[in-house]
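First comes the structure, then the notes that go with it.
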Amino acid sequence: LPVRGSEGLYMVNGPPSFTESTAFQRDYGKNCKAVAFSKDGSLFAWCNGEKVNIVNVTSAELLCSFDLPKAVCLEFSPKNNVLATWQAYTTAKDGTAGVPNLQLHDVKTGKCFKSFIQKKMQNWCPCWADDESICARNVNNELHFFENNNFSTIANKLHLQKVNDFVLSPGAQPTKVAVYVPGSKGAPSFVRLYQYPNFGGPQSALANKSFFKADKVTMLWNKKATAVLVIASTEVDKTGASYYGEQTLHYIATNGESAVVQLPKNGPIYDVVWNPNSVEFCAVYGFMPAKATVFNLKCDPVFDFGTGPRNAAYYSPHGHILVLAGFGNLRGQMEVWDVKNYKLISKPVASDSTYFAWCPDGEHIVTATCAPRLRVSNGYKIWHYTGSLLHTYEVPSNEEMWQVSWQPFLDGVFPAKAVKYQAVPSELPSAEPKPAQAYRPPALRNKPVTSSKLHEDEPPQNMKPHSGSGDKPLSKTALKNQRKHEAKKAAKQEAKADVNQESTQSSASQNAPRSAMPAVTSGDPEVDKKIKNLKKKLKAIEQLKEQAAAGKQLEKNQLEKIQKENALLQELEDLELGL
C-alpha cells in the first residue's frame, strides 16, 4: 500500500507483515501531489513537486523521470504503454492561449509524444478501451476517438447536440460507449448506448433512455458490458424533502431494454454498485435509516437488507461478499454479508473513515481517515472481512495523511476462497467503541429507562419469489401459514370446550365462519389483507389497460404488471373460496 502525506510517500507491505517496504525508497518531500499504479500493479508513478517518476514495483528500479513540477494528475493506460499527466491550465499574461497542459508520455522511451489543451480538471484523462485499441476524449461537447494510440489523426467522431459525459465499456471488443446529453429548453436529458464505430443517425444506437430531472448523471457499466445503471440527480429537490436534491435510478441494457428501478423507500440514493458477476446490483437509498436492496437484471428485488445507518456499499473483487457501511456523517458501522447465502458475517466499526477499499485478494479491507476531509487522527486500519482488526497506523499529531490505497492486480491472480464466519486471529484487540450513553435530563436520572424509538427498524428479508406462493417471500408465507395453523388449532380447542357445554352452539359456531367467507370478511385478518391487496393490484391493472387503450406508451415494468392479471384473479378466487 502506498501511503502519501506530510511524512512523505512510502510503501507498506500488505498482509501479513505490514512493515515499510525497504525496496521502495521513501520520498521525504512534503509536496507529493499525485500517485498512480498501472492497472496490473506492476508500475508505480508519483510526482513530488519536481519530477514525475515511474518505478517497477517489484524491483523498485526507476524506469523514467519527467521534469513536470506542476503535474497534479497521473494515469496509466490499461496496457502500460502511455502515462497521461495533467497540470493546471494557464493563459499567458497578454491573453494569448496557454501551452498544452495534458501530456501523453511513452512509458518505454520516456518521450512526450502528444499534448492537448485540457482546461477542466474534471474528466481530464482520455479513456482507453481495455486493449488500448481505441481512446476517447470529450472535446467541446463532442467525442473524438483515436485508434491504436495514434493521436495524430482522429479516427472517429460522435457528435450529438452536447455530449456532457461518456463512459467506455470494460472488457473485450467490441467497445460500447454510453453517452449523456443534458436536456435543454424543455427537452428531456438522455443516455444512449452505441457500439464503436456505429455512430450514424439515431437508428444506430443500441439503446436510449430519456428522462427529466437530471442536472448530472453517473453511468455505471457492469463488468460484462451488457447493461448500464444511470443515477440521475438534480441539484435541488423542488419538493423541499431533501438537501441533497432528487435522484432516480435507471437501468439500460445493450439489447435495448430499459426501466426505472422502483425503490420502495423515498429519499436520496446514496450508492449503487454492480456485483462483479454482472447479474445483480445493490442500491442504498431512502431517508435515514437507509434501506439497501439487491436487484436482478429485471430490476426485481432479490434480497432486502432492511434499514440501518448506512450510505455506501462495496462488493468484494470476486463478488461473494458485500459490505454495507455508514461513513461521512455516520458512525462508520459496517455490515459484512455473505452474498450467496445472505448471512451476516461480521459488524466491525471504523469510525471517522473517509476511505474504504477491498484488497484485490478479496480477504482484506483498508479503511482510512485522510486530510483534508478530516485533519485530526489521520491514519489507516487493515481488517479481515470476518471483523478482525489486523493492523492500525495513526500519524503523529502534527502530521497529516492524504491518501492510501492497495496495489491493484489483474482478475484471476487471486482465486476466490470459501467464505469464513469465524473471526481470524489477530494480535490487536477488537476496536469496539464504547457505547455512548444517551443524554438524560437531571429529572429522569434516577428513574427506570424507558426506551423510545424514532422509527421502527426493518429486518432483512429474502425477496426471491417462492415457486409455490406467488411473489411473496417464503419466510413470510411460512410464518402466515404457521399463524393460521395455530389459529385453527386454538379454534378447534375452543370448539371442543364448547361441545362439553352445549353441542348445538358448537355446530353453529363452526358453521358460522364458513358461511361468512364470501362476505366482506373471512374471519382471518391476514386473508382479508391479502384480498384487499389483490383487489388494489387488479384495479391498478385496469387503469393501465385504459391508458394503453388511449394510446399511451407503457414502460416495461407496467406491461409486466398487465401480464400478471390472470394469476392475480386466480389467487383472488382461491382466497375467496377459502382454498
Side-chain angles (χ1 to χ4, degrees), residues 73 75 84 86 88-89 100-102 116-129 134-146 151 154-170 175-222 225 227-238 242 244-254 256 258-261 268-274 283:
C73 299
E75 203 165 313
W86 183 88
Y89 177 72
N101 59 323
L102 163 57
F116 299 101
I117 286 181
Q118 170 67 34
K119 293 183 181 174
K120 286 185 183 159
M121 187 173 179
Q122 191 186 354
N123 300 338
W124 69 272
C125 190
C127 294
W128 279 271
I134 65 169
C135 177
R137 290 185 70 221
N138 188 348
V139 183
N140 299 333
N141 304 109
E142 71 175 14
L143 299 190
H144 292 183
F145 290 87
F146 305 94
F151 289 92
I154 296 172
N156 242 307
K157 283 186 183 182
L158 172 57
H159 184 70
L160 294 163
Q161 49 263 48
K162 263 198 175 181
V163 178
N164 187 301
D165 198 6
F166 75 99
V167 189
L168 296 186
S169 65
T175 301
K176 303 175 188 90
V177 194
V179 293
Y180 161 60
V181 176
S184 58
K185 302 190 185 101
S189 309
F190 61 82
V191 167
R192 262 187 210 154
L193 309 186
Y194 289 96
Q195 184 167 309
Y196 183 84
N198 311 331
F199 298 143
Q203 259 46 58
S204 60
L206 299 172
N208 183 44
K209 177 96 178 112
S210 54
F211 37 83
F212 289 96
K213 291 194 178 174
D215 292 328
K216 67 173 201 283
V217 305
T218 307
M219 296 178 281
L220 307 166
W221 278 101
N222 62 3
V228 177
L229 288 169
V230 178
I231 308 160
S233 50
T234 57
E235 304 293 339
V236 179
D237 185 351
K238 297 263 184 359
S242 166
Y244 301 103
E246 236 179 314
Q247 292 87 19
T248 47
L249 180 59
H250 305 267
Y251 167 89
I252 312 172
T254 50
S258 66
V260 178
V261 183
I269 297 173
Y270 305 102
D271 201 7
V272 179
V273 279
W274 277 105

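- Taken from NE2 in His159 to CG in Asn140, the straight-line distance is 10.5 Å, to the nearest 0.5 Å.
- Under the ring-ring contact (aromatic ring centres under 6.0 Å, His included) criterion, Trp221 pairs with no residue at all, not counting sequence neighbours.
- Not counting sequence neighbours, the partners of Val260 by the side chain to side chain contact (heavy atoms under 4.5 Å, CB included) test are Lys209, His250, Gln262.
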Practice prompt. Report the C-alpha distance between Ile134 and Phe146 in whole Å, list the side-chain angles of each, state the deciding distance to 0.1 Å, and finish with yes or no for side-chain contact (heavy atoms from CB on, under 4.5 Å).
Written response: CA-CA 6 Å; Ile134 65 169; Phe146 305 94; over 6 Å; no

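- A cation-pi arrangement is not found for Arg192 relative to Tyr194, the charged atom failing to lie both closer than 6.0 Å to the ring centre and inside a 45° cone about the ring normal.
- Between atom CZ of residue Phe190 and atom CZ of residue Phe211 there is a gap of 9.5 Å, rounded to the nearest 0.5 Å.
- One finds the CZ atom of Arg137 at 9.5 Å from the CZ atom of Phe166 (value rounded to the nearest 0.5 Å).
- Remark: side-chain polar atoms of Gln247 are paired, donor with acceptor, to backbone N or O of Ile269 under 3.5 angstrom.
- Here the rule is side-chain contact (heavy atoms from CB on, under 4.5 Å) with Ile231, and of Leu249, Val261, Asp271 only Leu249 fits it.
- Residues satisfying the ring-ring contact (aromatic ring centres under 6.0 Å, His included) test with Tyr270, not counting sequence neighbours, are none.
- For Glu246, the side chain to side chain contact (heavy atoms under 4.5 Å, CB included) test picks out Lys213, Thr234, Asp237, with sequence neighbours left out.
- Residues satisfying the side chain to side chain contact (heavy atoms under 4.5 Å, CB included) criterion with Lys162, sequence neighbours excluded, are Asn141.
- Relative ring orientation between Phe116 and Phe151 is described as perpendicular, the plane-to-plane angle rising above 60° on a 0-90° scale split at 30° and 60°.
- Closest of all the heavy-atom pairs between Asp165 and Val217 is OD2-O, 4.3 Å.
- Between Leu143 and the options Asn156, Val177, Ile154, a side-chain contact (heavy atoms from CB on, under 4.5 Å) holds for only Val177.
- Ring centers of Phe145 and Phe199: under 6.0 Å apart, within the cut-off.
- Scanning both residues, Pro100 and Ile117, for their nearest heavy atoms gives CA-CG1, 3.7 Å.
- Counting only distance, with no hydrogens or angles, the side chain of Ser189 and the backbone of Gly183 share a donor-acceptor pair below 3.5 Å.
- Taking every heavy atom of both residues into account, Asn164 and Pro182 meet most closely at CB-CD, 3.5 Å.
- Side-chain atoms of Trp124 do not come within 3.5 Å of backbone N or O of Gln118 as any donor-acceptor pair.
- Between Val181 and Val163 the shortest heavy-atom distance is CG2-CA, 4.3 Å.
- Here the CG atom belonging to Leu168 is positioned 10.0 Å from the CE atom belonging to Met219, to the nearest 0.5 angstrom.
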Worksheet entry | Derivation of the side-chain contact (heavy atoms from CB on, under 4.5 Å) call for Lys176 and Leu193 | CA-CA 7 Å; Lys176 303 175 188 90; Leu193 309 186; 5.9 Å; no

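- You'll find the side chain of Asn138 stays beyond 4.5 Å of the side chain of Asn123, heavy atoms only.
- Residues passing the side chain to side chain contact (heavy atoms under 4.5 Å, CB included) test with Gln122: none are found, sequence neighbours excluded.
- Contact between Ala207 and Ala253 at its shortest, heavy atoms only, is CB-O, 3.3 Å.
- Counting only heavy atoms from C-beta outward, the side chains of Ser233 and Thr218 never approach each other to under 4.5 Å.
- Taking each heavy atom of Lys119 and Trp86 in turn, the nearest pair found is O-CZ2, 3.8 Å.
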